[in-house]
Structures are given as C-alpha cells and as structure tokens.
Number of protein chains: 2
Amino acid sequence: MEKTSRDPAMTDVARLAGVSHQTVSRVLNNHPNVREQTRLRVKAAIKELDYRPNRAARALVTGKTQLIGVVAQNSTLYGPASLLSAFEEAAGEAGFAVSVGRVKVLDRDSIAAAVERHRDQRVAGIVVIAPNSSAADALADVPAGVPLVTVDGDPDRPTPLVTVDQATGAFDATKHLLDAGHETVWHVSGPADWFDAAGRVEGWRAALDAASAEVPPVVAADWSAASGYRAGQMLARMPEVTAVFCSNDHLALGVLRAMSERGRRVPHDVSVVGFDDVPEAAYFIPPLTTVRPDFAAVARETLGLLLEQVSDGETTRPQRTVAPKLVKRDSVAPPPR
Amino acid sequence: MEKTSRDPAMTDVARLAGVSHQTVSRVLNNHPNVREQTRLRVKAAIKELDYRPNRAARALVTGKTQLIGVVAQNSTLYGPASLLSAFEEAAGEAGFAVSVGRVKVLDRDSIAAAVERHRDQRVAGIVVIAPNSSAADALADVPAGVPLVTVDGDPDRPTPLVTVDQATGAFDATKHLLDAGHETVWHVSGPADWFDAAGRVEGWRAALDAASAEVPPVVAADWSAASGYRAGQMLARMPEVTAVFCSNDHLALGVLRAMSERGRRVPHDVSVVGFDDVPEAAYFIPPLTTVRPDFAAVARETLGLLLEQVSDGETTRPQRTVAPKLVKRDSVAPPPR
DNA sequence: CGACCTGGTGTTATCGCTAACATCACCGGC
DNA sequence: GCCGGTGATGTTAGCGATAACACCAGGTCG
C-alpha cells in the first residue's frame, strides 16, 4: 500500500532519472553544464511524475519570489480597472503571479498597510496605482530597496512612473473642438487631487493658449456621472457654452443628460468630448467623441520598468508615458451660427 | 561593520527575548502553553526587530499557503469586475492574499492552464468566476483535492457554487413592469451560454406565466451597448412593445438610445428596466430602473465556502445564492393609452 | 510518598530546494 | 608524462519555519 501520496519532489525525479537531485535542479534552471542526454532523461522523468517545483522551497533558499504585488483602490472606475486587468495579463505571460491588495481609500495609512502586506509576502516588486496626491504621499513611507513602480502617479516625483500622456490627449481633444470652429472650450474636470485630472486640465489650457482662445473657469467635479450631470445643468443654462471637454466619459454622460433635459441638442447646439473610451461610449446619445488611452501599453511598460529594477537594482529611464488617441464619433460639430 | 543586514529571522527574535525559536513560533501561532510574561517578552522583541515571519519557510514545512487563486476573464464587464474587487477585499481582511490569473477567453484550455498555474503556486484554494458553459465544462478537468468554488457558474453542477439569484431579480423586474399596467414585457437577453443570462430569462418567463401574460420571443444579444442598440432598433419599430426588461444596464443603454432615435420616449411610450445597477445608471436618459446584485455578499459567501473546504475538506451547504434588489428610478411608467 | 499528570520550555529533525564546494574523467601542452 | 584546466556530476550545508518529542518542575492523588 502507498501512503497518501505526497507530491513528487526533486529527489523523486532524480531517483527515476538515475541522477542526483542537483542535476535535476540544473536542468530546471537551464544551467549549461549538463549533458544533452542527461537533460532529456531528467525531462522525461519530470513529465512522467508530473513533477512541479515547490516554489516555497525555492523562495526560501533564494530569498526571491515570483510574485508581484499590486496596490489598487477598490473601485470599478473604468481606467484603473482596465489597467489592472491588462497588468495581470502581462505579468502572467512573463511568468509572474500577481497579488492584488485592494484598498478602500487611497490614504496614507491604507496604502502603507497594503504595501506592508505585500512585503510580508516577500513580493519581488510592488506596483502602486496611485492616481492622486494622497496616494503619492503615502509612497514616501515605502522603504527603499523594494522595487516599486507607480502608475498614474505624481509626475513631479522622481520615482519610476508610467502614465498615460494626459496632457497630449486633452490637447488633442480641445484642439479638435477648436478646429471645428468653436470660440472656446469649457472643461469639466475630475477631482483636483488626481494627477490624471490635473494633466487633462493642463492639456486643455495649453490648447486654448495655443489658439489664443479665452480660458473659461474650470468646472470641478468628481469622476461620476452624477457630478457631470450637475456640471451640465449649469453649463446648459449658459448660451455661450458651445463646446465642452469632459475629463472622462462618465462625466460626459452626465453632461449629455443635462443638455438633453434642457433641450440643447448635442452636437447641433453643443459639442462634447470625453476621455477613456469606455466600451459603451459609442452608444451614448449621441455616440461620444473621446480619447482612448492604451492600457495594454501602460501595463507592458510598467512590467518592464519593474523587472528592470528587480534584476539591475537600477533603472535607466525611470519615467515613461504612453500616448492616447482621439476617437472621433458624433458628439462634435461646428457651433450654431 | 554589519554585513548587508538580512531580514531578522525567528532565531534573532529568540535570542533577543532569551528564549528558543520554538517559543517564538508558539507565540506567533497562539499556542496556549506559553506563560503570559514570556509571551510579552517575545512580542516586544518582535516589535523591536520589526520581525516578519517568512511565509515561504512556513509554507514549506506546513505544505499550505495563505494564497487564494482566482481565475477570471480579462474583461471589464461591470459584474465580474465588481465581484473580483469585492472578493479581493474580503480575502484581504481574512488574511489571505489573492493571486489573479486572467484569461482571455473562457475556454477549456485557457481555464485549465490558469488553474495549473495556480496549482504550481500551491494555492490554498481556487475560485473560478465561470459565468458561461464553456467555463463550466473546463472545471471537469480540475483534479479533485483542490478546494474550489465557482462563482456565477452552472447551477446544475454539484460543485460548490455561489451566485446571485438571477431568476428572482428578473422576476421582480418583470413583475414591476406588469404591475405598472403593461400587457406583457419584452426581454433583451445576454448571451445564451451565460448562466446569468439564462437565469434572468427564466425569471422573466416565470413572472409572465404567473400573470398569464403572453410570452414574446426573447431578443438575443451579447452584453454590449452595441447589441442592445441593435435590439432596440428592432423593438422601437414595433408599436405594441411598451415594456422592455434588459439583461444588463449596458443593453438597456443601447435600447434607450435606439428608442430616442425613433422618437419613442422613455418612460412615456416605452418602459425599460436593466440589471446590475452600474454607477452611471442613475444618469442615463432617463435614470434607469434596474436590479442591484450585492457583490460584497457574494464575495463573502464565496470566501466562506472556500475556507470551509480548506479546513474541513468537506462542506455542508455547497450552493448559496444572494438575493438582488430592485432599484426604482424613472424609466418605468404605465403604458400609453 | 512515589507514581503520574500537566504546563512551560528546549532540542532535533525535516520540509524541498539552491549554492558552494568536492570529485572525477578526460584533455592538451610543455 | 605529469600538471592544470574544464566539463559533468555528486555531496553537503544551509534557507526559516513547524512538528514531534524530550525534559523538568510542581501539583495531585491513592
């Protein structure tokens, strides 16, 4: 009778292949000094036993894991969710597991706690999706020595960082509205402490300046359709408003509804542009012209930057940006005359 | 000179506290037979050194990890994304790390591969978000012995399963429309091979049957606003359609746009109900009446079921459902007369 | 009052791997 | 023809925890 068979270990493979366990280890780690014939015999034994190396044992002796920790907010905002999903996929393809530490709010304590949990697990590196300034502040507490990359974080901080090029996207969106003939473009902004929002404000303003257009006051909102609606109610009442650039698609949705309620037709009376290109943006009323960030590219850059740090300890070019793309649909037209 | 100081280990704590490493281990694991005074001394030493136990070492000797693997599709559909986020939070609170294995498509091979990757990591248990039948089939390949819970999976399979009670939610939504005075209710359904969609069809039909209302043909769509729009274009042309229950909010959004384009006003001419309660549903035109699932509850039940299996090997009540709730807004009114 | 339990602690073995060193056969060069 | 290098492999020693058992003091009980 067998005992309740435990998983095969390296020694089992070694016995079956007639070699020492060390040779098995060498085959597994692709060391050069193994005879081809031996290598094949070991591989056959591995297959026969369905052997899988014990990561805990390996981690114990090497002091390294194949785990990447991600700290993200517990939200279903489209941008962060897409980014996370793309990152998990990229990391998986590179042979890393991803452990996600969700955080309810992006304040200093929560982030610090999440980072600590990851350090407990001895992750190889940490990615923080830190889109606002409180999150960025929390990173000051992270001890050096842990490879760390920030996504959507503070561009003015020297830590390794990957972001979408918000300013360029916003510039293009605003310029597109100006090119259609609008005198100026109003802006409904995301929360002021989010870097994404700040970058978009900056790009919007740059486009207006470049065209010597008047710069109207920023209409502040959070990211929600609700706040977009409130902003829209105000803008709809002002006849001089003919073009609105919204910091994300959900805000744009709220603006569209407010315009519709007041009888101002989009795009005939008012043009609207969003940001993010959520999947349903093409089915808003009317289909929304918006700016699409390339989340997969952000994920790839992030992983690359992190692995560079893991292996080299240093990194060559610590900040990278990814250009977004304007997607033209039906919510932009020339102003009424 | 110190060497590049490695992390403190249990023996370092033991030395500082003047006990053996085994006593430190006992304190860490809350064994009863430790004198209070000793316990305090050890805790002080732990704190002083900022000691953190090495999970790899523990995993090696116990054969267990504190990791839960999740297999999920690489999509940003609101339901699955919310669920995943809620689960990560619940697991984190229970002291488990969550490793997410994203899969591009929910076919047999991809799911099997993701499950294998998790088994390589020696996860304590696996959660599969398996909302359609191809995913459910793939689970047949998973070797027994790995604690496994399915979410949104096949209700007819005897594996441990947690789902939202789709049928009840759909029943309530449909009944709400009938109670408003509509003769019957049309249904725009999600993909037929998704259990969520199937359950909603079932509940819709049950409500019609209970009211002896005529059962119109199901309008099949996928989950996208695009397909809802196409379905809506058809329905908008049929004057006898006065009430539509959509299998999710994005479908409803598409239907709203199609109705609007044809000049059929919601809710005056046509009433519409969705499912999911996405955050922006309250800002559709008009604000959408919909059904809200409790994702946090699903996450808690899932974790509970999984941990039950991990500790007992068996589980008492292998299937659990969570009741959703109807959220009334402005997209439902009595039919025009 | 000695046998026996029991609570508190230490000692030793072990988990499955990799690093470092040891070994051995074989090679070429002076 | 011996010496040192080199390629292929084996042996040994940990990594940092838990498990199992040993041990010892003190109290209980017949």
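Just so it is clear: chains get the letters A, B, ... in the order the sequence lines come, proteins before strands, and each one is counted from 1.
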For nucleotides 24-27 of chain C, print each protein N/O atom paired with a nucleotide N/O atom at under 3.5 Å, atom names and distance only.
none

**Complete:** Contacts of B/Asp165 meeting salt bridge (charged side-chain N to carboxylate O under 4.0 Å, His left out) (sequence neighbours excluded), chain-then-number -> none

**Message:** Tell me which residues in residues 49-60 of chain B lie within less than 4.0 Å of DNA chain C, going by non-hydrogen atoms.
**Reply:** B/Leu60

**Message:** I'd like to check the salt bridge (charged side-chain N to carboxylate O under 4.0 Å, His left out) partners of A/Glu48; sequence neighbours left out, ordered by chain and number.
**Reply:** none

**Request:** Identify, residue by residue, the members of residues 35-47 of chain B with a heavy atom below 4.0 Å from DNA chain D, and return them in order of residue number, or none.
**Result:** none

**Item:** Pair listing, salt bridge (charged side-chain N to carboxylate O under 4.0 Å, His left out) test, anchored in residues 8-25 of chain B, at least two apart
**Value:** B/Arg6-B/Asp12, B/Asp12-B/Arg15

**Prompt:** Does any pair with a residue in residues 143-162 of chain B pass side-chain hydrogen bond (donor to acceptor under 3.5 Å, both in side chains), and if so which ones, sequence neighbours excluded?
**Reply:** B/Asp137-B/Arg157

**Request:** Name all pairs fulfilling the salt bridge (charged side-chain N to carboxylate O under 4.0 Å, His left out) condition that reach into residues 25-38 of chain B, sequence neighbours left out, sorted by first residue then second.
**Result:** B/Glu36-B/Arg39

**Request:** Not counting sequence neighbours, which residues clear salt bridge (charged side-chain N to carboxylate O under 4.0 Å, His left out) with A/Arg52? List them please.
**Result:** A/Asp50, B/Glu116, B/Asp120

**Request:** List in chain and number order the residues that pass salt bridge (charged side-chain N to carboxylate O under 4.0 Å, His left out) with B/Arg117, two or more places apart in sequence or in another chain; answer none if no residue qualifies.
**Result:** none

**Fill in**
Rounded to 10°, the angle between the first-five-pair and last-five-pair axes of the helix from C/dC1-D/dG30 to C/dC30-D/dG1 is 50°

**Message:** Which residues in residues 17-34 of chain A have a heavy atom closer than 4.0 Å to any atom of DNA chain C?
**Reply:** A/His21, A/Gln22, A/Ser25, A/Asn29

